[in-house]
Amino acid sequence: MAGSKDTRQRIVEAARDLFWEKGYTATGLAELLQRANANSGSFYHFFESKDAVLRTVLDTYEDLLDPHVVRPAFARHTAPVERIFALLDSYRERLLSTNCQYGCPIGRLALELDAENAPAHERIARNFTAWRKAVEDCVREAGIGKPQDVAAFVLTVMEGGVMQSRAYGSIEPFDACIRQLRLHFAALTGKKPKKTRRAR
């Protein structure tokens with residue numbers, strides 16, 4: 001049983017890495033199996049198709065969001081608005097550590113996958129909803145109105161900033177987006193915005 005579980009996990013982890021590195025379409029089954037150190041028999045024992053692995057990968061992203069992304073960022077601050085910016089700063093760190101090659105895996109798949117792939121897009125939407133919910137809770141705690149709208153805007157800033165920094169190979173577009181978001185939150189809260197970093 002343990003061996004079977006390990007094989008399945010290796011396949012899922014290999015798929016998650018390759019879908020992020022190359023994209024879903026460009027990832028071939030043979031390459032996935034080689035990365036996972038698994039054979040086709042093992043693959044089809046667990047999954048009926050590459051699309052089935054994709055659905056599992058998206059489920060794991062949702063499972064990992066809170067413990068691996070949200071909680072570590074929120075642990076840096078007690079003030080709700082600063083927790084939001086700590087979350088955004090974690091994406092800045094990912095960009096810097098990859099020389100601005102990082103791309104949000106959920107955003108990438110959302111753009112790549114055909115709109116007709118409803119099961120995958122439903123899971124992508126659930127991931128976005130979970131991310132927005134974490135931000136919504138902070139917005140609500142800060143006493144800011146329309147938390148759902150604000151959280152949707154924060155997600156848009158993050159995704160857009162990441163994509164622009166990846167395209168330009170520079171952290172400046174991301175930092176510019178965050179500076180403007182700081183001004184927006186200052187207007188919402190009536191507080192003077194904190195100084196933000198400029199690109200190094």
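We're numbering straight along the sequence, starting at 1.
- Considering only heavy atoms from C-beta on, Y24 comes within 4.5 Å of D51 through its side chain.
- One distance of note links CD1 of I106 with CD of E159; it measures 8.5 Å at 0.5 Å rounding.
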**Prompt:** Checking side-chain contact (heavy atoms from CB on, under 4.5 Å) for the pair L113/I124: CA distance, chi angles, key distance, verdict?
**Reply:** CA-CA 10 Å; L113 297 175; I124 289 169; 3.9 Å; yes

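- I144 CD1 to I84 CD1: the interatomic distance, rounded to the nearest 0.5 Å, is 6.5 Å.
- Using a 4.5 Å heavy-atom threshold, the side chains of V135 and L155 count as separate.
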**Item:** From CA spacing to verdict: side chain to side chain donor-acceptor pair (under 3.5 Å), T25, E112
**Value:** CA-CA 8 Å; T25 303; E112 179 187 359; 2.9 Å; yes

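- When all heavy atoms of A86 and H77 are compared, the closest pair comes out as CB-CD2, 3.7 Å.
- The side-chain hydrogen bond (donor to acceptor under 3.5 Å, both in side chains) contacts involving residues 63-75 comprise D66-R71, where partners must be two or more places apart or lie in separate chains.
- Side chain of R94 to main chain of S90: a donor-acceptor pair is present (N/O by atom type, distance under 3.5 Å, no hydrogens or angles).
- Using a 4.0 Å cut-off between a side-chain N of Lys or Arg and a carboxylate O of Asp or Glu, E13 and R35 do not qualify as a salt bridge.
- Salt-bridge check for K133 with D137: passed, with a basic side-chain N closer than 4.0 Å to an acidic carboxylate O.
- Taking OG1 of T129 as the reference point, atom CD of E136 lies at 8.5 Å (rounded to 0.5 Å).
- Atom-to-atom distance recorded for E141:CD and T78:OG1 is 9.0 Å, nearest 0.5 angstrom.
- Formation of a donor-acceptor pair under 3.5 Å by the R166 side chain with backbone atoms of Q101 is found in this model.
- Panel note: side chain S170, backbone S165; no donor-acceptor pair is recorded below 3.5 Å.
- No continuous path of hydrophobic side-chain contacts links Y168 to V162 [ILVMFWY only; heavy atoms under 4.5 Å].
- Here the side chains of N117 and L54 are in contact, with some heavy-atom distance below 4.5 Å.
- Under a 4.5 Å side-chain heavy-atom criterion applied to ILVMFWY residues, the cluster that includes M163 comprises L111 as well.
- For R76 and E93, the salt-bridge test passes: some basic side-chain N is under 4.0 Å from an acidic carboxylate O.
- In this structure, the side chain of K50 does not engage the main chain of L32 through any donor-acceptor pair within 3.5 Å.
- Here R92 contributes atom CZ and C100 contributes atom SG; the two are 9.0 Å apart, rounded to the nearest 0.5 Å.
- Applying the ring pair (Phe, Tyr, Trp, His ring centres under 6.0 Å) rule to F174 yields no partners; only residues at least two apart in sequence or on another chain are considered.
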**Message:** Please determine whether side-chain contact (heavy atoms from CB on, under 4.5 Å) holds for the pair L96 and Y102, giving the CA-CA distance in whole Å, both sets of side-chain angles, and the decisive distance to 0.1 Å.
**Reply:** CA-CA 8 Å; L96 289 174; Y102 173 79; over 6 Å; no

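- Of the possible polar contacts, none joining the H184 side chain to the V154 backbone as a donor-acceptor pair under 3.5 Å is found.
- The pair R182-E82 meets the salt-bridge criterion, with a side-chain N (NZ, NE, NH1 or NH2) lying under 4.0 Å from an Asp/Glu carboxylate O.
- Under a 3.5 Å cut-off, the side chain of N127 and the backbone N or O of R123 do form a donor-acceptor pair.
- Ionic pairing of R108 and E21 is not present here: no N-O contact between side-chain nitrogen and carboxylate oxygen is shorter than 4.0 angstrom.
- Between T56 and F46, every side-chain heavy-atom pair lies at or beyond the 4.5 Å cut-off.
- Taking the six-membered ring where the residue is Trp, F85 and F185 present perpendicular rings, their angle passing 60° and hence far from 30°.
- Within the model, atoms CG of L181 and OG1 of T156 stand 10.5 Å from one another, a figure rounded to the nearest 0.5 Å.
- Counting heavy atoms from C-beta outward, V69 and L64 have side chains that stay 4.5 Å or more apart.
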**Steps toward side-chain contact (heavy atoms from CB on, under 4.5 Å) verdict (Y44, N39)** = CA-CA 9 Å; Y44 287 110; N39 57 47; over 6 Å; no

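- Of the possible donor and acceptor atoms, none in the side chain of S42 sits under 3.5 Å from a partner among the backbone N and O of A38.
- When all heavy atoms of W20 and P105 are compared, the pair lying nearest together is CD1-CB, 3.7 Å.
- The shortest heavy-atom contact between A36 and R10 is O-NE, 2.7 Å.
- Side-chain atoms of R83 never come within 3.5 Å of backbone atoms of F74 as a donor-acceptor pair (strictly under, hydrogens ignored).
- The shortest non-hydrogen separation linking V150 to G145 is CG2-O, 3.7 Å.
- Contact check for S40 versus L33: side-chain heavy atoms found under the 4.5 Å cut-off.
- Distance alone, capped at 3.5 Å, places no donor-acceptor pair between the W131 side chain and the E62 backbone.
- Salt bridge absent: D59 and R55 never bring a charged side-chain N and a carboxylate O closer than 4.0 Å.
- When all heavy atoms are compared, the tightest approach of E31 to A26 is OE1-O, 4.2 Å.
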